[in-house]
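Notes follow the structure.
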Amino acid sequence: MRTSLMPTSTFDLAAARARLDDVLARHRSLWACNPFREPNPAWLTERPDLAAAVAGLDEAQLDHLEQDSDALLQLLQPLLPDVVATIEASEPPPAAGRLACDRFAGRHVPGRKWQQIRQFVAALPVRSSLAIDWCAGKGHLGRTVAEAHGRPVRCLERDPRLCAAGTRLAGALPVSFQRCDVLSDEPELDPSAIVMALHACGALHEQLLERVVDSKVAGIALAPCCYHLTPAWKPLSAAGSRLAFDNDSLHLAVQDTVTAPASVRRARLRERAYRSGYDALQRKLRGVDSYLAQPSLRGADRRLDFADFCTRLARHHGLELPPARELEHWLRVGWQRDGRSRRLELVRQAFRRLLELRIVLDRAEALEAAGYAVTLWRFCPRPVTPRNLLLMATR
């Protein structure tokens, strides 16, 4: 006999999936092509109205629309009414609940992260059975559940230093740590447990879903994240196997952010201009008008000037650069080219939420096929985190 661990929802997973499949298929040319890599996407001739809507934006307008999804959708709604209508129709309802655990606030957890944890836990049903915190870190989520619900929590974490720190922070709470790499180990999962994960990235949440289905655990509470952090698209449902998402499309689903320091944003834009300038240069040097994958930069490499940046990438691609004095021209080209691609990318960015919803619905339908009752919620407002989808399932 199936017992309910969660409130019911009127959200229809199958109907939402059908809506999303329809609109994503009809507009595939708008979201599947990345203007950064393909400077002249086919839709420029198919939809000149969209091109005109974004081409004339000034820098302040562009900056605002890149950071405000609602404003972007409002701008494009007259030209893409079915996209906006589908987003509105497919958004799951907000989760109801409150967390009587305020004295925990601000203790060892940054403010925004605390708000995410607090509202995630508030959406969970209060039970006495074991909770398992998947990829727990220091166990902030697990401690909150233990304190708010009075239930035992087992935290799975691969880093022994985080396990030790989490054990100290837990104090007398019924929280234990198990050193475990969830991608390679096979932790024992109690069938009566609820397994929870707040922002488990890519393969980490895929492994969670596969393991809990195999172990037939009683409940799952998952807020997935970073779908692109996996070698390739891995559909888990029968319907999902018909989807063709490349890694770039998976990344698009999580590109929106609600907070970024001005210095970080300036650095990101500078790196984009560098990459655009180098891309234009390498096409000229090779005599081939196609994109070459560029390696990522880390740490001090992000502070290279343009000449050193080009030297690093040219060495990687086996190309000989022109004299240094000519590189200034290609840097100017980079800034101009990237300004254009950023405007064209706004059209693509209108599909971010649709893609994310469709990916999460693939996970939901896989759980339904395994015999779970599944609901999908928004556990917090977007300003707290754009990754606010909570997948809950019970047997």
Side-chain angles (χ1 to χ4, degrees), residues 6-32 43 47 49-50 53-54 57 61-62 64-97 116 119-120 122-123 199 222-225 227 237 239-240 243 245 249-259 343-365 368 374-392:
M6 61 186 177
T8 58
S9 169
T10 57
F11 186 72
D12 189 327
L13 299 175
R17 191 253 296 171
R19 287 192 298 268
L20 293 168
D21 283 350
D22 176 64
V23 76
L24 287 173
R26 283 190 287 109
H27 294 296
R28 184 174 182 83
S29 65
L30 298 180
W31 59 264
W43 64 261
R47 294 295 306 268
D49 54 341
L50 285 171
V54 297
L57 296 170
Q61 291 171 319
L62 173 60
H64 173 64
L65 292 171
E66 286 178 327
Q67 299 181 75
D68 189 331
S69 292
D70 291 337
L72 174 60
L73 293 175
Q74 185 176 3
L75 172 72
L76 297 179
Q77 195 278 336
L79 304 177
L80 295 171
D82 55 339
V83 172
V84 178
T86 301
I87 293 174
E88 293 173 347
S90 303
E91 278 288 346
Q116 295 171 18
Q119 296 187 54
F120 181 94
H199 295 157
L222 167 66
C225 188
Y227 313 101
S237 70
L243 299 173
F245 291 154
S249 297
L250 298 176
H251 196 189
L252 174 62
V254 295
Q255 278 183 343
D256 55 327
T257 58
V258 293
T259 57
R343 287 164 173 81
L344 296 180
E345 284 171 17
L346 289 176
V347 175
R348 189 169 187 252
Q349 289 164 11
F351 293 85
R352 290 180 299 208
R353 188 62 163 183
L354 293 177
L355 288 166
E356 179 169 24
L357 285 163
R358 187 60 190 89
I359 294 165
V360 174
L361 285 173
D362 167 70
R363 280 58 179 133
E365 291 193 314
E368 280 192 332
V374 183
T375 60
L376 187 62
W377 306 89
R378 283 180 290 123
F379 71 90
C380 68
R382 184 179 177 278
V384 176
T385 174
R387 308 281 75 76
N388 62 356
L389 295 176
L390 171 58
L391 188 61
M392 294 179 62

Check your understanding: Does one side chain, of Arg352 or Ser69, offer a donor that lies under 3.5 Å from an acceptor on the other?
Key -> yes

Revision key, fill the gap. Note: Arg358 and Ala239 closest approach over all heavy atoms is NH2-CB, 3.9 Å

Exercise for review: Report yes if the side chains of Arg348 and Ser249 come closer than 4.5 Å at any heavy-atom pair, otherwise no.
Suggested key: yes

Study note, to complete from the structure: Here the pair of heavy atoms bringing Ala223 nearest to Leu390 is N-CD1, 4.5 Å

Revision key, fill the gap. Rounding to 0.5 Å, atoms CG (Leu80) and CG (Asp49) come to a distance of 8.0 Å

Exercise for review: Check the pair Arg47 / Leu79 against side-chain contact (heavy atoms from CB on, under 4.5 Å), numbers first and verdict last.
Suggested key: CA-CA 9 Å; Arg47 294 295 306 268; Leu79 304 177; 3.9 Å; yes

Review point. So does Arg382 pair up with Asp70, basic N to acidic O under 4.0 Å?
Key: no

Exercise for review: Using modelled atom types only, decide if a donor and an acceptor are shared between the side chain of Trp31 and the backbone of Gln349 within a distance under 3.5 Å.
Suggested key: no

Check your understanding: Could you give the distance from CG (Leu30) to CG (Leu344), rounded to the nearest 0.5 Å?
Key -> 11.0 Å

Check your understanding: So which heavy atom on Cys380 is nearest to which on Asn388, and how close?
Key -> O-ND2, 2.9 Å

Point to revise | Passing candidate, side chain to side chain donor-acceptor pair (under 3.5 Å) with Arg387, options Gln116, His199, Glu356 | key: Glu356

Check your understanding: Relative to the ring of Phe379, is the ring of Phe120 parallel (under 30°), tilted (30 to 60°) or perpendicular (over 60°)?
Key -> perpendicular

**Study point:** Euclidean distance, Trp43 CH2 relative to Leu50 CG, rounded to 0.5 Å
**Key:** 5.5 Å

Practice item. Taking all non-hydrogen atoms of both residues into account, name the closest pair between Leu72 and Leu346 and its distance. Key: CD2-O, 3.6 Å

Review point. Can you check side-chain contact (heavy atoms from CB on, under 4.5 Å) on Glu66 and Glu345, steps first, answer last?
Key: CA-CA 9 Å; Glu66 286 178 327; Glu345 284 171 17; 5.7 Å; no

**Study point:** Note, Val347 side chain near His27 side chain (heavy atom, < 4.5 Å)
**Key:** no

Practice item. Rounded to the nearest 0.5 Å, what's the gap from CG on Leu57 to CG on Leu75? Could you check? Key: 6.5 Å

Check your understanding: Would one find more than 12 heavy atoms of other residues, nucleotides or ligands at under 6.0 Å from atom CD of Gln77?
Key -> yes

Practice item. Could you grab the distance from atom CZ of Arg19 to atom CG of Leu357, nearest 0.5 Å is fine? Key: 9.5 Å

